[in-house]
Number of protein chains: 2
Amino acid sequence: MSQVEIRHLRTLVALRESGSLVEASERMFLTQSALSHQIKELEGRLGCSLFLRKTRPVRFTSAGIRLLELADEVLPRLHTAELDLQRFAGGETGRIIMAIECHSCFEWLLPAIDAYRDEWSDVELDISSGFHFAPLPALARGDLDLVITADPVDEAGIAYFPIFSYEAQLAIAKNHCLVEKSWIDPEDLAKEVVITYPVDQNRLDLFTGFLQPAGVEPAKVRHAELTTMIVQLVASGRGVTCLPNWALHEYLQNDYVEVRSLGEEGIWPTLYAAVRKDQAEAPFMAAFIEVAKKVCFANLRGIVTAELG
Amino acid sequence: MSQVEIRHLRTLVALRESGSLVEASERMFLTQSALSHQIKELEGRLGCSLFLRKTRPVRFTSAGIRLLELADEVLPRLHTAELDLQRFAGGETGRIIMAIECHSCFEWLLPAIDAYRDEWSDVELDISSGFHFAPLPALARGDLDLVITADPVDEAGIAYFPIFSYEAQLAIAKNHCLVEKSWIDPEDLAKEVVITYPVDQNRLDLFTGFLQPAGVEPAKVRHAELTTMIVQLVASGRGVTCLPNWALHEYLQNDYVEVRSLGEEGIWPTLYAAVRKDQAEAPFMAAFIEVAKKVCFANLRGIVTAELG
DNA sequence: TTGAGACATGAATTAAATTCACCCTTGACA
DNA sequence: TGTCAAGGGTGAATTTAATTCATGTCTCAA
């Protein structure tokens, strides 16, 4: 079946370069006898001789020349592949396919990716849209390599790294009656229309961290895709919404809406990067997490109230 | 040193195509255990894992994908090389580097080569100009693959195949005194200028087969490169020459010169193809000898007096 | 909870590559 | 002509590696 092997190609190349079995064997750190046997065996399997030994330097037959040709094609490729693999092994490169749970995270993730790519140009980067429903199993499985999530679930083989914290605030119209309050109670929203991204409520801080614990349901939930749309609806009094403070910052500065904390303390989710533990230490992955933190801190300076790590 | 081997590449490809170790092992005619060990060992040497086994089908890591890329580059090349080698082994192709002792043989050798090339297009053909001095050792050594020679020397490992016989005739000017004779005796040439190709006398039929046995030396020997030149010199009475009857045929028809046999019987050299015994049976080589014979017979029909089996 | 399927693992086995010790051949040189 | 060194070949012994066998573990699904 498999006749020729890498080792044979290396032997032939060494033979071409040295001109004799003895010298070739020294280059290959083998005895001359080993090469003699090796080549004899190969020639036997192939059914033709590869070179004539009675001359110095040895003279290759057509078959030998054909094999050298093959070696010249194959060995360099093998070599570069092995160099690449060394870099994979050293964690100097790899693949980061991400998923985000937090819908407005693109705002800081895309700049982070850009910054990272400058330094780690050959890491394969992608944001997956396919695993919104269950990103962590996909991460464990290897479909994903990094998940941005607000609630770390303790799972074997997954490590979490905090990126930053932000306040999830309620945005309301400037003429809304709730502007009177200095912070919002869950019950305040029982009669309100809540506008959210079109995602499951279990992935929204407002519900998981505020309304559900208090057993309150809003009068109605409306959906909009884009942050701008949501804020516009809020500004025109069609409902209220809950967004990260940094996502609202721009609209607040332009005086479109009012914002209030949820509860006296406010709700302060932390975003984590979840990665597989075996990759957590790899330089290319650690670097990504570092860059993400730095970019967040730089982009959101003065907006987010807390920086981590 | 040498990490990755062909067998690993094959395994990975089988794994990609089948999706599981079990099925891949069947394709490779190995046990599942063997593949498990094999891959574990490779992963250990490389220092990184190549695929995730907990999914069906298996999912390759970046490193695994890189190796599959290598496999896709290498395995097809390996395969075509092995096919080529099979043809070498089967004698379906090879290399024929020839040397000719007989200076005027180009006349029929070149057409023979052309005819041969039609059928055996990928046999490497060349006429070497480097081994005139000692073609047979070069043949034995492997520098040459075929030698056209008029005197077979019994040497181990060399086989001779007769191509054809011709008469070596003396050409003389139409007004030369020797036209009186119906054939030439060696002594007739003792006073003559002999014109030959610029090669050693031991490679000329006239000397080895006629003059030397009789202990006769011509008055003078002149040289000319081209057959035409030689014949012109002869026609203008500057000397005599000895050429194969088929080389003289054209000039004879145009009535430029007269020809006479050397001795009553004439000298009838036979041209042989000498090849190494190990190649003598190879179809590509046997075919060349066949073609050479046929072409000679066709081209020299009615000129040479003898065709050989 | 059990059973089936897929992969992992340690020990035994088998197969292969390599070495060792020796031989032969060749060419240089005394 | 004999000897020596260098290159290569070969059978048997040895070492190394690949493969199998017999189990074990894990996961998924009934």
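Chain identifiers are assigned alphabetically (A, B, ...) following the order of the sequence lines, protein sequences preceding nucleic acid strands; residue numbering begins at 1 within each chain.
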Got a sec, which residues hit ring pair (Phe, Tyr, Trp, His ring centres under 6.0 Å) with B/F288, two or more places apart in sequence or on another chain?
-> B/Y116
Qualifying residues under side chain to side chain contact (heavy atoms under 4.5 Å, CB included), relative to B/Q86, sequence neighbours excluded | B/L83
Whole-Å distance, A/R59 CZ to D/dG8 C1', equals 17 Å
Closer than 4.0 Å, any side-chain N/O of A/K40 to the OP1 or OP2 of D/dT10?
-> yes
Under 3.5 Å between N/O atoms: give me all the protein pairs with nucleotides 18-28 of chain D, atom names plus distance.
unit_1	atom_1	unit_2	atom_2	d
D/dA18	OP1	B/R7	NH2	2.5
D/dT19	OP2	B/Q38	NE2	3.4
D/dT20	OP2	B/T31	N	2.8
D/dT20	OP2	B/T31	OG1	2.7
D/dT20	O4	B/H37	NE2	3.1
D/dC21	N4	B/S33	OG	2.5

All salt bridge (charged side-chain N to carboxylate O under 4.0 Å, His left out) counterparts of [X], not counting sequence neighbours:
X: A/D122; answer: A/R87
X: A/R117; answer: none
X: B/E41; answer: B/R45
X: A/E217; answer: none

Where at least one partner belongs to residues 273-283 of chain B, residue pairs that pass side chain to side chain donor-acceptor pair (under 3.5 Å), sequence neighbours excluded = B/D145-B/R276
DNA chain C contacts among residues 11-27 of chain A, heavy-atom distance under 4.0 Å | none
Taking side chain as C-beta onward, heavy atoms only, is A/I100 less than 4.5 Å from A/V147?
-> no
State which residues pass side chain to side chain donor-acceptor pair (under 3.5 Å) with B/R27; sequence neighbours excluded, sorted by chain then number.
-> B/E17
According to the salt bridge (charged side-chain N to carboxylate O under 4.0 Å, His left out) rule, which pairs have a member within residues 58-72 of chain A, sequence neighbours left out?
-> A/R16-A/D72, A/R59-B/D143, A/R66-A/E69, A/R66-B/D84
Students should find that the nucleotides of DNA chain C closing off the region near chain A, any atom under 4.0 angstrom from a heavy atom, are C/dA17 to C/dC20
